[in-house]
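Input: a single structure, listed below in structure tokens.
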Amino acid sequence: EVDLEERLRELDLRSDSDVPDIPPPTDSTPEILKRALSGLSARWKNWWIRGILSLAMISGFFLIIYLGSFMLMLLVLSIQVKCYHEIITIGYRVYHSYDLPWFRSLSWYFLLCVNYFFYGETVADYFATFVQRREQLQFLIRYHRFISFALYLTGFCMFVLSLVKKHYRLQFYMFAWTHVTLLITVTQSHLVIQNLFEGMIWFLVPISSVICNDITAYIFGFFFGRTPLIKLSPKKTWEGFIGGFFSTVVFGFIFSYFLAQHQYFVCPVEYNSETNRFVTECEPSELFQMEKYSVPPLLQAVLGWETVNMYPFQMHSFALSTFASLIGPFGGFFASGFKRAFKIKDFADTIPGHGGIMDRFDCQYLMATFVHVYITSFIRGPNPSKLLKQLLILQPEQQLSVYKTLKSHLVEKGILQPSLRG
Amino acid sequence: LQESESENKLDGETASDSESKSDFGGSSPVPTSDDTPEVLNRALSNLSSRWKNWWVRGILTLAMITFFFIIIYLGPMVLMTIVMCVQIKCFHEIITIGYNVYHSYDLPWFRTLSWYFLLCVNYFFYGETVTDYFFTLVQREEPLRILSKYHRFISFALYLTGFCMFVLSLVKKHYRLQFYMFGWTHVTLLIVVTQSHLIIHNLFEGMIWFIVPISCVICNDIMAYMFGFFFGRTPLIKLSPKKTWEGFIGGFFSTVLFGLLLSYVMSGYRCFTCPVEFNNDTNSFTVDCEPSELFQLHEYNIPVVLQSVVGWKTVRMYPFQIHSIALSTFASLIGPFGGFFASGFKRAFKIKDFANTIPGHGGIMDRFDCQYLMATFVNVYIASFIRGPNPSKLIQQFLTLRPDQQLHIFNTLKAHLVDRGILGSLEDA
């Protein structure tokens, strides 16, 4: 009897119907919109819904930027949690694993552990003064690696103990699915937050470039599209791709020009312990000070100028928007391939006309990592306050030897006047 | 219909545990090819099959332990190389299992891409950790310096190239298979490569941090097996029917004792307790230093409870031995969960062993499954409780700061030192 049941289940899973048919899209379009657009044909109606929701999302984005860094951090975190939830839900559906013991709790538990670990690694440094004052927080931050590892191990042991005889493979698949999802969503969201702390401009320009590329590639494709780009996404065209590339680069240039003028966007975000708020006030670094560049002779004839005033940051924005238009779309193709592999139309139905949150953010992930790697390789040195904190933890003899090395270095470079100073 | 059928044939994966009937001929596992060398076969030909197996395992165990001692003797460089080889072999074993599960030998690019990703991730980790130790060597050679300074960017660019190749290699009928293999490769990289780099990190802290944990896990394996063999009655966990509570507890106590003794012996030797450093002049590794507090004998008062048992009032111990209790406890209590995880994995994919590399023992992964959790634990333990930040790394980071930042840090440090009385009003250059 057991044999028969297993064979039937095996047959069921072997056929393509192991993934449930694409559920009829639940129409979450608000009533208002539906009434307003009731007169139009289906194609234009879809276009209008997408357009309106795009504008709504962009306005929401501006609103949150206005509200400040802390709100942005919360927004990034909520998006991370929602993306995680969407991908895990797909995994559940693919593997029919609603009944697996413990699995939901374990997935959320792992999400918590990994987030705690990353917070301890990165964000806690920025809140150093806040943390210093509270004993329990100090303990949680200083030993965060050990505590988060212990918590993770507990989850790991719970997983091993929860292995049930007939569902071994299913459970291992879900375990791996959870971990890959964590790798994708949590690490990227923390990289986004780190970029944010470097200066809001490092958060805004990349995200806007990706959004701009999405929109302009779509528009160019709509009007001029003829040659298909890749079999995975039949709607993408070479005309859209190239047109999107050039528009995004120009957009990036102009947008960074405007943002670079305001301290609010340009300064690293710092936590002020007296006012208990985030402040973005500083002397703008070299990147954000106007410089004269000579226009290369080729372009001189075209533009008619010999020199141009630009921010050095705009050169960097060139790299960022190039990445957003050329490599960013591969994130989109990856997500398309994923959706085809698991026979889903959209990740979820959260946003009417657009699908789930993941659908909007699939290109952003590669971008966030790239910006972070770019900043750490070419822009930012190490964080001075973190360095200082580590110096103060050293043993006294080590501190003394470091002090001597530093002193000789500074004297050598002429930054410090030798000997006579106290 | 035809299309979907062929897709099903290629899409060999299903989530059902009973899928394997067609792959592995019913519920019996693939008969393992007999790798045992001819010599052993002849010598043991008279014994019954059970004792023969016992002898083969025993001899191979001794061979592996001897090999371990030899490479310890040969020094850190050889150890590092061995760790890298083990990592590559483990990666290969797990990927091969994935291929077998998904029948994916014909997938375009996949072998190449897996090895390529292995290379990228290794390069990234080397840049993050190991190059700090080779700092002066790296600074001298221009190409090495660039490779090290921009390692994050270069390894990310290389990874992206692999990622784009993967996306371009997606073939219409094999999407799901390809995504599964992609996921499989990444999880394997996560497990295998990160742990091996943590092991190397531990090694640089001092060979004792490498040897004691690994020996504790091996000891626990052997002791639990022996206790189980002689006294085992109560099964421990359904996953591994051969494990027993008697073996578990007996192994625990023996391992703690073993850890205490081993650390006592090792703490006396500088070559084990000193951090490994790279000497630029001789272009080799040196282990020479003033032993830290951890490795200097202290008098400890025995708690009153144990005094009557042991008969001493105080005992001279190395502080490190207290840490070794934590390490051996972890090795005996949590380490086995790594083994249960691997057992569950083998049952899930209906394989008896990861591979047939070591006669009587299976593959390299079979021997190292408990070690992985241990390596991470030791690394986290050291980072949290033992080691402070690495001073030379801090100096490096300092040198890349802007002058005004450097001055600010210097003054703060100076004020701190004066405050603590470490620096008087010395005016030395």
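Proteins come first, then strands; the chains are lettered A, B, ... in the order of their sequence lines, and each starts at number 1. If you're wondering where the values come from, they're calculated on a predicted model, not measured in any experiment. As a basis for the values below, the full set of heavy atoms in this structure was taken, side chains included, without hydrogen atoms, waters or symmetry mates.
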Contacting moiety of Ser336(A), where chain B heavy atoms sit under 4.5 Å
neither
Let me know if Ser155(B) has heavy atoms under 4.5 Å from chain A in its side chain, its backbone, both or neither.
neither
In this structure, CZ of Arg145(A) is separated from CD1 of Ile382(B) (nearest 0.5 Å) by 11.0 Å
Quick check for you: to the nearest 0.5 Å, what is the distance between Phe156(B) atom CZ and Thr369(A) atom OG1?
4.5 Å
Name the option with the most non-hydrogen atom pairs under 4.5 Å to chain B; the candidates are Phe338(A), Trp177(A), Phe146(A), Phe159(A).
Phe146(A)
Does a side-chain heavy-atom distance below 4.5 Å link Tyr173(A) with Tyr180(B)?
no
Could you look at Phe377(B) and say if it's the side chain, the backbone, both or neither that has a heavy atom under 4.5 Å from chain A?
both
Are the aromatic ring centres of Phe163(B) and Phe333(A) under 6.0 angstrom apart?
no
Tell me, side chain or backbone of Leu183(A) under 4.5 Å from chain B's heavy atoms, or both, or neither?
side chain
Sub-4.5 Å side-chain heavy-atom contact between Arg152(B) and His372(A)
yes
Does the side chain of Phe175(A) come within less than 4.5 Å of Phe341(B)'s, by heavy atoms?
yes
Given heavy-atom pairs under 4.5 angstrom as the criterion, report whether the side chain, backbone, both or neither of Phe330(A) touches chain B.
both
Are Phe349(B) and Tyr168(A) close enough that their ring centers fall under 6.0 Å?
no
Is the ring centre of Phe378(A) less than 6.0 Å from the ring centre of Tyr150(B)?
yes
What's the shortest heavy-atom distance between Arg176(B) and Ala341(A), and which atoms?
NE-O, 3.3 Å
Which atoms form the tightest heavy-atom contact between Cys164(B) and Ile327(A), and what is the distance?
SG-CG2, 4.3 Å
Okay, Leu190(B) and chain A: the region with an atom under 4.5 Å from a heavy atom over there is side chain
Just verifying a value: how many Å separate Phe172(A) CZ and Lys346(B) NZ, rounded to the nearest 0.5 Å?
11.0 Å
How long is the span from the CG atom in Leu160(B) to the CG atom in Leu326(A), to the nearest 0.5 Å?
12.0 Å
Contact class of Phe323(A) relative to chain B, heavy atoms under 4.5 angstrom:
side chain
Interatomic distance, CG@Leu170(B) vs CZ@Arg340(A), rounded to 0.5 Å, equals 10.5 Å
